[in-house]
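Since the structure comes first, as structure tokens, the remarks are kept for the end.
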Amino acid sequence: MFDKVLIANRGEIALRIHRACREMGIHTVAVHSTADEDAMHVRLADESVCIGPPSAARSYLNIPAIMAAAEITNADAIHPGYGFLSENAKFAEIVADHGITFIGPTAEHIRLMGDKIAAKDTVRRLGVPCVPGSDGAIDDEAEAARIAAEIGYPVLVKAAAGGGGRGMRVVKEPERLSAEIADARSEARNAFGDDAVYMEKYLSRPRHIEMQIIADAHGNVVHLGERDCSLQRRHQKVVEESPSPALNAREREEIGETVVKAISALGYLGVGTIEFLYEDGAFYFIEMNTRLQVEHPVTEMVTGIDLVREQIRIASGAPLSFTQKDVRFTGHAIECRINAEHPRTFMASPGQVTDYHQPGGLGVRVDSALYSGYRIPPYYDSLIAKLIVHGNTRNECLMRLRRALEEYVIGGITCTIPLLSDLVGNRDFVDGTYDIKWLEEYLSSLD
Ligand code: ADP
């Protein structure tokens, strides 16, 4: 097992990784920008190294600075968390070249799945159902028009290198097609430095359902069920739950078998998420994420499996500590993402947290790096806390979530708790009948 793990991230996920290491008897190294000197993960880690100024490009994305920190502290592994360098194949390669273990899949798998066109092509050949669309990049306008007519409008133009909901354009009619392709291309070029785009049928009212998988270096692959992440704003997840209120046991088993078969054939290593849209009883692959996800606690709560601990074990060469048959899904879990944003306008609201009291009690978990007196810096993602609740039934879970949100005090800043409280009381949410369009429509009905 590793002696020392460097955590190449910040905020709640850096703390989450630190906690897993600590429980495994592994020393931790925190890296941080000058804006994060007082961050909780820096305070708790065994060692810390300042890697640059506030701008992420010069700190958390600064590969030479992070590698220097790993060398100085003699870390034997690096955990990238999510975001930042977690899906950067070049970084995974550099880490390995330095004789340090990258806690994640191989650079080759990161690169393959980072190109959504190649990813789709690969999984389709492994028997995974995909959204109908252009089989590959669009390079010819006449060809694009022909494919769009064939799959039927509306269509969605997507960036091959896309992420975070960027580089996507819905095209409702043929007259708009070439303009929207040009727009998606320039957005993709600016955001990702790659202007390759492809096209998919725009599904009208799907749910977003993703499968968590985990694979070791000995050929064992296990799925840990699904997460329903249909409550989204601007293609970004706001609430996630497991199990999905929309799936039955047979569908869960079938899609589980399909993904395990594909992942085994790929020879994949580590944790991963296969994302699907689900409509009228059918699954359509959209992408695979080759990292730990923000919403992983939902799966941990229903399976009792510590995903970060398993990631670290697998990276060290150990086999999975369970088989598919050992995995038991118990009860229901829901996660709410709490952002330092205005609950209606979504304007960022960084600043000092004057009072802090987090909810507790049976079945309540808070993953957050906040504390009373902490100053939320304005430079990074606005996610400040994840509230995760577990209950024996979905209803118990909803009641618990309602009271946990009531208890939560984050003083001094504006955050999205009021919006989440409204959602938890909403009929459609309680009934579990929402889809990926629901939240946006709900928000505009409030205007
Ligand atoms: P990103 O990597 O930017 O997050 P994804 O491909 O994962 O992009 O898609 C993000 C979200 O965009 C999905 O959860 C869904 O809400 C929406 N979306 C993506 N593809 C489609 C599609 N073909 N039809 C309808 N909505 C889609």
Side-chain angles (χ1 to χ4, degrees), residues 82-84 86-88 110-124 128-135 137-138 144 147-148 150-172 180-181 183-185 187-192 194-212 226-241 244 246 272-280 282-291 293-295 337 381 383 434-443:
Y82 55 65
F84 295 127
S86 61
E87 289 176 295
N88 184 315
I110 298 174
R111 192 167 285 126
L112 174 68
M113 294 302 166
D115 176 347
K116 292 185 173 186
I117 295 174
K120 234 178 129 171
D121 192 43
T122 306
V123 304
R124 186 191 298 110
V128 177
C130 294
V131 189
S134 62
D135 290 330
I138 300 172
I147 297 167
E150 199 179 291
I151 58 182
Y153 287 87
V155 296
L156 187 62
V157 179
K158 298 172 83 169
R166 281 174 306 169
M168 266 190 260
R169 285 284 186 288
V170 183
V171 190
K172 298 207 171 88
E180 298 288 2
I181 291 176
D183 270 8
R185 257 197 221 294
E187 190 176 321
R189 194 181 307 117
N190 290 333
F192 315 111
D194 173 3
D195 70 355
V197 295
Y198 63 111
M199 197 165 30
E200 269 178 3
K201 175 148 191 70
Y202 183 62
L203 300 179
S204 59
R205 305 228 58 123
R207 296 180 78 111
H208 174 116
I209 297 181
E210 57 186 36
M211 297 297 296
Q212 176 71 55
E226 81 279 11
R227 292 183 288 259
D228 193 319
C229 314
S230 302
L231 277 184
Q232 300 181 354
R233 181 178 166 268
R234 301 196 167 163
H235 304 305
Q236 299 259 39
K237 299 159 189 167
V238 176
V239 177
E240 303 98 350
E241 62 179 309
S244 165
T273 301
I274 331 285
E275 297 194 336
F276 293 96
L277 295 179
Y278 172 86
E279 195 172 67
D280 300 329
F283 285 94
Y284 303 94
F285 170 87
I286 46 174
E287 68 164 340
M288 174 166 180
N289 291 316
T290 54
R291 56 161 162 38
Q293 286 195 268
V294 176
E295 60 272 25
R337 299 191 188 192
D381 193 88
L383 180 75
Y434 56 86
D435 57 36
I436 61 164
K437 305 268 177 71
W438 187 88
L439 181 57
E440 298 259 6
E441 287 171 1
Y442 171 76
L443 291 169

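Note that ligands are numbered from 1 as they come in the structure, with each ligand's atoms numbered from 1 the same way.
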Look only at the side chain of [X] and the backbone of [Y], and say whether a donor-acceptor pair between them is shorter than 3.5 Å.
| X | Y | value |
| --- | --- | --- |
| E187 | M168 | no |
| E180 | V157 | no |
| E440 | R234 | yes |
| S134 | Y198 | no |

Got the closest protein heavy atom to [atom], with its distance?
| atom | result |
| --- | --- |
| atom 3 (O) of ligand 1 | G165 N, 2.6 Å |
| atom 17 (C) of ligand 1 | H235 ND1, 3.4 Å |
| atom 16 (O) of ligand 1 | Q232 OE1, 2.7 Å |
| atom 24 (N) of ligand 1 | L203 N, 3.0 Å |
| atom 2 (O) of ligand 1 | E287 OE2, 2.8 Å |
| atom 26 (N) of ligand 1 | I436 CD1, 3.6 Å |

### Task
Check side chain to side chain donor-acceptor pair (under 3.5 Å) between D194 and all other residues, then give those that pass, not counting sequence neighbours.
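Here no residue qualifies.
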
### Query
For ligand 1, is K158 a contact, meaning one of its heavy atoms is under 4.0 Å away?
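In this structure, K158 qualifies as a contact of ligand 1 - some heavy atom is under 4.0 Å.
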
### Task
Could you tell me if any non-hydrogen atom of M168 lies under 4.0 Å from any atom of ligand 1?
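True for this residue.
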
### Option among R227, K237, R207 that satisfies the salt bridge (charged side-chain N to carboxylate O under 4.0 Å, His left out) test with E275
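Per the salt bridge (charged side-chain N to carboxylate O under 4.0 Å, His left out) rule, the option paired with E275 is K237, out of R227, K237, R207.
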
### Task
Begin with the C-alpha distance, continue with both residues' side-chain angles, and end with the deciding distance and a verdict on side chain to side chain donor-acceptor pair (under 3.5 Å) for Q293 and T273.
CA-CA 8 Å; Q293 286 195 268; T273 301; 2.3 Å; yes

### Message
Counting only heavy atoms, tell me which of R207, E279, K116 gets closest to atom 1 (P) of ligand 1.
### Response
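Heavy atom nearest to atom 1 (P) of ligand 1 belongs to K116.
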
Which ligand 1 atoms are under 4.0 Å away from a heavy-atom of [X]?
| X | answer |
| --- | --- |
| Y202 | 24 (N), 25 (C), 26 (N) |
| E275 | 7 (O) |
| L156 | 19 (C), 20 (N), 21 (C), 22 (C), 23 (N), 27 (C) |

### Query
Is any N or O atom of G164, backbone or side chain, closer than 3.5 Å to an N or O atom of ligand 1?
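Yes; the residue has a nitrogen or oxygen that sits under 3.5 Å from a nitrogen or oxygen of the ligand.
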
### Query
Can you find a heavy atom in the side chain of F276 that is under 4.5 Å from one in the side chain of Y284?
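Sidechains of Y284 and F276: no contact.
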
Side-chain donor-acceptor pairs of residues 110-121 under 3.5 Å, sequence neighbours excluded:
from, atom 1, to, atom 2, distance (Å)
R111, NH1, E93, OE2, 3.3
R111, NH2, E93, OE2, 3.2
D115, OD1, I117, N, 3.0
D115, OD1, A118, N, 3.4
K120, NZ, V131, O, 2.9
K120, NZ, E200, OE2, 2.9
D121, OD2, R125, NH2, 3.0

